[in-house]
Amino acid sequence: MRLRWIVALTAALSLGLAGCSSQPNSSAASGDQVDRTIVIGVGGEPSNLNPVFGDIYGSVYGDHWPVFSSLLDYGQDLELQPDLAAELPEVSTDGTEVTVKVRDDARWHDGEPVTAADVAFTYNAILDPSVATPVRDLLFRSLRKVDALDAETARFTLHEPDQAFLAKLTTGIVPEHVLAGQDLNKAAFNLAPVGSGPFVFDELRPGERIVLTANPDYYGGEVGLERVVVTFVEDESARVRQLETGALDVDAEGLGPQTIRRFEDNPDYRVVRIPGDLLTLTLPTTNAFFKQAEVRRAIGKAIDRQQLVDGLAAGAGRVVSGPFYPDHWATDPSVSVAYDPDAARAELAAHGWKPGPDGVLVRDGERFRFDLIYGHGYAEDAAALAIRDALGNIGIEVKPKALDYAEQQKQVAAGAASLQGLGNAYDPAIDVFDTYHSSLSDDDPSGNVARVESRRIDAAIERGERSNDLAERTAAYHELHRLLVEHGSWQYLMQGDNYYAVRADVSGVEPQVREGHVHGFSRGLLWNLADWSVSGP
Amino acid sequence: MTRHRNHGLGRLVARRLLVLPVVLVAVAAMTYLLVAVSPFDPMSAYEAGSAGLSAQAKDEIRAAWGMDAPTYLQFLHWLGNVLQGDLGHSRLLGGQPVLPQLGARLAPTAILVGTALALTLVGGLLAGVAAAAFRDSWVDRAIRGLSYVSVAAPSFWTGLLLLWVFSSWLGWFPAGGSANLRARDVGLVDPRYLVLPAIALAATQFAWFAMFVRNQLLEVMREDYVVFAQAQGIGRWPVLLRHALPNALLPFLTLAGVHLAEIVGGTILVETVFSWPGLGQLAVEAARAVDLPLLVGITLLGSVTVVLGNLLADVCYRVADPRIRESTA
Amino acid sequence: MTGEGTPVLEVRGLGVSFRTRRGTVAALRDIDLQVAPGQVQVVVGESGSGKSVLAHSLLGLLPRNVEVSGSVRLEGEDLLGVAPERMRQLRAQHLAYVPQSPATSLNPVRRTASLMAEAARVKGVRRADLGERLPAVGAAVGLDYGSVARRYPHQLSGGMQQRVVNALALLGKPDLVVADEPTTGLDRDRVTATGNELLRLADEGASVLVITHDLDLAAALGGRTAVLYGGRLVEERPTAALFTRPAHPYTAALLAAMPARGLHPIPGQPPELTDPPPGCPFAPRCERVRPECGEQVPAATTLPDGRVWCHAAR
Ligand SMILES: Nc1ncnc2c1ncn2[C@@H]1O[C@H](COP(=O)(O)OP(=O)(O)OP(=O)(O)O)[C@@H](O)[C@H]1O
Ligand SMILES: [Mg+2]
């Protein structure tokens with residue numbers, strides 16, 4: 001009854017206000033030009049559009065978005081390929097010098113030519129300690145300096161060999177002639193960038209949209225879309241509504257496995273599936289409960305990974321056991337962790353953990369009970385509860401605790417167990433050292449949060465990084481995979497998929513394989529945006 | 001007598017405007033203090049999705065933004081710059097100066113708040129008067145019922161309901177945003193996009209105001225001067241509107257400030273539900289990222305709005321009530 | 001009964017009770033009163049005896065929490081059941097009312113001129129005539145219209161406020177004037193002048209009902225006087241006769257308590273209206289109380305010049 005009144009009154013009010021409103025979706029109204037414009041919904045508003053400060057969606061990979069171009073780029077199979085570079089770079093035999101030729105036909109959107117000086121400027125800016133970018137620490141600790149040898153040649157000098165270095169040359173290059181002499185932290189460029197990529201930055205409407213237009217002089221050929229509007233819609237259900245009313249053409253933020261169902265049977269949409277993060281349970285060795293490897297492994301055995309896949313990813317996912325994606329060359333396909341709760345119970349009993357009166361394990365009067373730290377979110381809640389139930393089954397009491405990122409980091413550094421989405425689809429050398437090497441096992445929360453201290457693991461990491469030979473590296477990382485399973489402090493559980501909805505009349509959507517994180521632009525769904533086109537109006 | 005009155009009002013306005021800077025500095029100081037004790041870490045914005053920054057990297061970033069100094073020194077530094085008209089630079093907004101950025105981002109929120117305010121006042125007034133005039137009839141019961149529901153319903157719930165009915169179902173209004181995303185050369189906001197969020201935001205205060213008007217009117221209707229007006233044969237509506245209403249509304253002016261603040265605060269939720277490009281969401285982001293210049297800028301903007309809103313309400317109150325008007329002189 | 005022609009106002013068996021949280025307050029019971037054209041009817045009684053409630057009943061101004069019985073007829077038309085719009089018409093065209101408390105009866109946010117002009121328009125004064133008519137009615141009650149016109153009510157003295165509401169009563173051509181203490185705060189000569197104005201209205205054919213504590217005013221007005229006690233009429237007779245030879249013990253006590261008669265207070269408390277005891281309401285305080293007084297409400301005893309409600313008067 002009351003509901004009817006709300007409806008009636010709001011109807012009356014809005015009618016009065018709107019007069020007779022035309023269809024909001026008929027975008028062709030009043031001279032709006034719509035041909036070959038595509039509207040892409042993403043989650044948040046980027047805080048900086050300058051690639052020196054990282055990907056505009058805060059990715060660690062020094063990514064770029066399609067206003068910019070980079071020396072190298074990933075292809076559909078994540079193979080490195082030249083972009084601004086004329087060819088793949090040359091690496092010196094000792095691995096400390098990388099020389100790159102810049103192609104001679106690339107131009108900035110203001111018409112100036114792109115030169116090696118711009119390359120040197122970009123990377124030296126990242127190295128400049130007064131420039132407030134996390135990329136310097138996260139990617140370029142191995143880089144000493146960059147020199148422009150001539151207009152077309154840039155040389156990177158490294159402190160030490162870095163197997164993953166080429167994979168880091170995907171940072172967008174910025175124009176020296178626009179930025180020289182400026183305080184980069186505060187440059188107006190950061191919200192009104194000039195690049196050399198397939199799209200020209202047109203406009204940023206604060207809090208609402210970024211508008212890009214096709215670059216007619218793009219060295220990479222003709223750009224299919226005339227105009228790209230990227231709009232910031234934080235709320236998932238808001239994105240869904242806007243998709244369904246036709247305001248959006250693409251959801252590039254990712255929709256949950258439940259949400260995506262409504263698009264699956266809809267002929268107006270195509271659902272794009274890309275493998276996502278690895279769900280990972282971290283059991284730091286500094287935590288009194290997780291001191292012994294046997295106990296950590298027992299916890300791993302108590303979790304039915306296939307059941308997680310069925311429950312959390314609606315069956316559309318993969319069981320994993322190690323840090324690399326299942327079909328990655330670094331993954332040893334022969335390794336797996338069997339679900340065996342009885343063995344887990346027996347192992348724990350051997351370490352003095354016996355069921356108490358309420359079924360919870362007790363040793364010397366202490367109950368086996370720990371907090372499980374994880375990030376806020378519906379899917380995250382479900383995962384944490386699944387772990388709680390699995391471990392409850394063998395008598396371990398788990399208290400899930402959703403926290404903000406900063407607080408998570410703090411607690412994890414202090415030894416709390418945590419549940420996270422992780423994963424590396426690229427060269428393992430990018431992050432295995434940071435994550436598992438004993439030299440980083442200290443109170444600093446960056447690096448090796450689980451406090452893995454194993455000589456054999458260190459050795460496998462170092463072998464994998466030092467070698468140039470793929471077979472040797474593969475062997476090293478397979479070894480690392482086995483050793484990590486043995487160590488048990490990192491329980492890699494499953495890989496779910498990320499789902500995206502794209503209007504069916506958009507063509508050219510060929511997602512990259514094995515894309516873990518939601519990276520915004522240069523990987524996964526949108527990596528080849530310049531090749532997309534819209535068939536109908 | 002007229003000169004006398006203006007003198008009193010002028011003094012009131014002058015006094016408040018003189019106090020305003022003090023209030024603002026206090027608010028800024030409070031914000032710095034709150035942030036200093038808050039659990040949010042400015043580095044988390046740099047670390048999102050990464051394995052964590054090294055201590056050295058954090059130090060470099062802090063130093064680049066002057067965040068390495070103790071909070072009170074940061075505050076004094078900020079204050080010094082403010083005296084030169086510089087509110088600082090925002091890390092969240094590409095390191096751009098806060099003041100012009102806020103200026104650019106203020107308009108959509110201001111339009112939303114202004115429209116919601118107008119809707120609340122007009123709608124609440126009409127509903128309240130109607131409920132009082134037809135007391136205990138179905139009109140009154142309907143308006144009261146609606147008010148209870150909208151008081152109980154959080155604004156995001158109202159917002160979602162509006163979206164469901166008028167956007168998804170009837171298709172009369174767009175599903176969010178402030179203008180057609182495909183359109184070129186869009187103005188500040190498109191009125192069609194404004195309707196639903198403005199109603200959702202107004203709904204948060206509408207119920208309160210409608211019930212206030214109704215109950216206040218019914219109370220005032222018992223006052224001797226209203227009874228006397230009736231006794232002279234003045235019609236029902238003139239009695240209600242010309243005798244009862246002005247007196248019923250007087251106390252509202254003393255409360256208007258509080259409710260203006262609530263509307264301003266309510267924008268955070270409504271802007272999220274309707275993907276409205278405004279300051280509400282930005283304020284939350286600024287707090288999370290500990291972007292002090294931006295956070296303080298937004299807070300000060302809110303404070304100025306509320307202080308000036310209160311001042312306006314007080315001035316109206318004094319102009320509207322001859323008894324108070326005189327005593328201020 | 002009063003013999004001065006058909007009554008303009010005819011009150012029969014009027015009972016008014018208020019539903020309050022502490023019970024039902026029987027403010028008026030069994031009131032029978034008729035006022036003929038040209039007649040002045042004075043009503044006296046202690047504070048709380050129901051005088052103002054009577055005035056409100058005549059104008060249809062009773063609040064919502066009320067139960068009314070009996071009838072009130074104006075020129076034969078029943079006022080208790082009349083439609084709101086008709087009541088409004090009657091108030092505008094046939095009734096005039098002076099409220100008991102002018103200080104709270106004038107809208108605080110309106111200027112005197114605006115209040116008076118609005119009332120005048122309702123009472124049928126043409127806009128063009130306002131400039132002449134408002135100063136005229138002001139002058140009739142001793143109000144310098146020019147000096148109060150731009151003022152707000154709170155800027156007027158109590159006496160000035162009283163004169164404003166008095167002036168409003170003179171605006172139309174009322175058939176019935178109800179004046180609730182119209183001389184509060186007025187100087188002696190203004191009281192006399194006000195009395196004369198009321199008499200003039202009666203001379204012009206109106207029925208005039210005046211509630212007052214002022215015995216001199218009552219005497220000057222003459223006509224008939226009704227005495228209320230605890231919501232009941234106890235005596236109703238020509239003013240002069242009632243003042244000189246009161247028939248009811250309460251009337252006698254009331255007169256003795258007036259300042260002019262030596263201020264002899266009536267012992268005891270006025271009656272409780274929430275739970276009235278049976279019998280004559282004055283019985284607990286009456287010097288001439290009889291056994292039946294505590295049991296039965298006395299019926300009206302018709303005297304040659306009026307009525308009295310007293311067992312002792314039989
Ligand atoms: N709205 C009301 N609700 C409840 N009781 C009321 C109401 N109005 C009047 N009364 C009660 O009715 C009784 C008569 O009140 P009334 O105002 O008529 O007294 P009065 O004779 O005019 O007194 P005074 O000389 O002080 O003006 C009082 O007991 C009063 O409390
Ligand atoms: Mg009275």
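The chains referred to below are lettered A, B, ... by the order of the sequence lines, with proteins before strands, and numbering in each begins at 1.
- Proximity of a side-chain donor or acceptor of A:Asn48 to a complementary backbone N or O of B:Gly94 within less than 3.5 Å is not detected.
- At a 4.5 Å heavy-atom cutoff, the contact between B:Arg91 and chain A is made by backbone atoms alone.
- In this structure, the side chains of A:Asp137 and B:Gln56 stay at 4.5 Å or more apart for every pair of heavy atoms.
- Residues B:Leu181 and A:Leu248 meet the side-chain proximity criterion, which asks for heavy atoms closer than 4.5 Å.
- Proximity to chain A is limited to the side chain of B:Gln101, based on heavy atoms less than 4.5 angstrom apart.
- Between chain A and the residues B:Ile61, B:Asp190, B:Leu282, B:Asp291, the largest count of heavy-atom pairs under 4.5 Å involves B:Ile61.
- Heavy-atom pairs under 4.5 Å with chain B peak, among A:Ala238, A:Ala188, A:Ser130, at A:Ala188.
- For chain B, the nearby part of A:Arg205 is the side chain; its heavy atoms alone come within less than 4.5 Å.
- Annotation: side chain to side chain contact (heavy atoms under 4.5 Å, CB included) contacts of B:Val122 (sequence neighbours excluded): B:Leu126.
- Salt bridge annotation for A:Asp249-B:Arg182: present, with a cationic side-chain nitrogen under 4.0 angstrom from a carboxylate oxygen.
- Comment: B:Arg105 engages A:Glu45 in a salt bridge, judged by a side-chain N to carboxylate O separation of less than 4.0 angstrom.
- Interface residue B:Leu160: only side-chain heavy atoms are found under 4.5 Å from chain A.
- Looking only at side-chain heavy atoms (C-beta outward), A:Val211 and B:Arg184 stay at 4.5 Å or farther from each other.
- For B:Ala179, the parts lying under 4.5 angstrom from a heavy atom of chain A are both the backbone and the side chain.
- Counting only heavy atoms from C-beta outward, the side chains of B:Ser167 and A:Thr245 approach each other to under 4.5 Å.
- In this structure, the side chain to side chain contact (heavy atoms under 4.5 Å, CB included) partners of B:Ala116, at least two apart in sequence or on a different chain, are B:Leu201, B:Ala202.
- Interface remark: of the candidates A:Arg239, A:Arg136, A:Glu203, A:Gln420, A:Arg136 forms the most heavy-atom pairs closer than 4.5 Å to chain B.
- Contact of A:Arg241 with chain B is made through backbone and side chain together, with heavy-atom distances under 4.5 Å.
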Criterion side chain to side chain contact (heavy atoms under 4.5 Å, CB included) on A:Val131 and B:Glu60, from CA distance to verdict:
CA-CA 8 Å; A:Val131 173; B:Glu60 286 169 2; over 6 Å; no
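- With no hydrogens or angles considered, no side-chain donor-acceptor pair links A:Glu234 and B:Ser275 at under 3.5 Å.
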Could you walk me through whether B:His89 and A:Asn185 pass the side chain to side chain contact (heavy atoms under 4.5 Å, CB included) test, one step at a time?
CA-CA 9 Å; B:His89 293 250; A:Asn185 295 326; over 6 Å; no
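- Of the listed residues (B:Ser178, B:Gly177, B:Pro191), the one with the most heavy-atom contacts under 4.5 Å to chain A is B:Ser178.
- Taking CD from A:Glu208 and OH from B:Tyr193, the interatomic distance works out to 9.0 Å, rounded to the nearest 0.5 Å.
- In this structure, a donor-acceptor pair under 3.5 Å is absent between the side chains of B:Thr272 and A:Asp235.
- Between chain B and the options A:Ser237, A:Gly375, A:Pro129, heavy-atom pairs under 4.5 Å are most frequent for A:Pro129.
- When every heavy atom of A:Pro206 is checked against every heavy atom of B:Pro277, the shortest pair comes out as O-CB, 3.4 Å.
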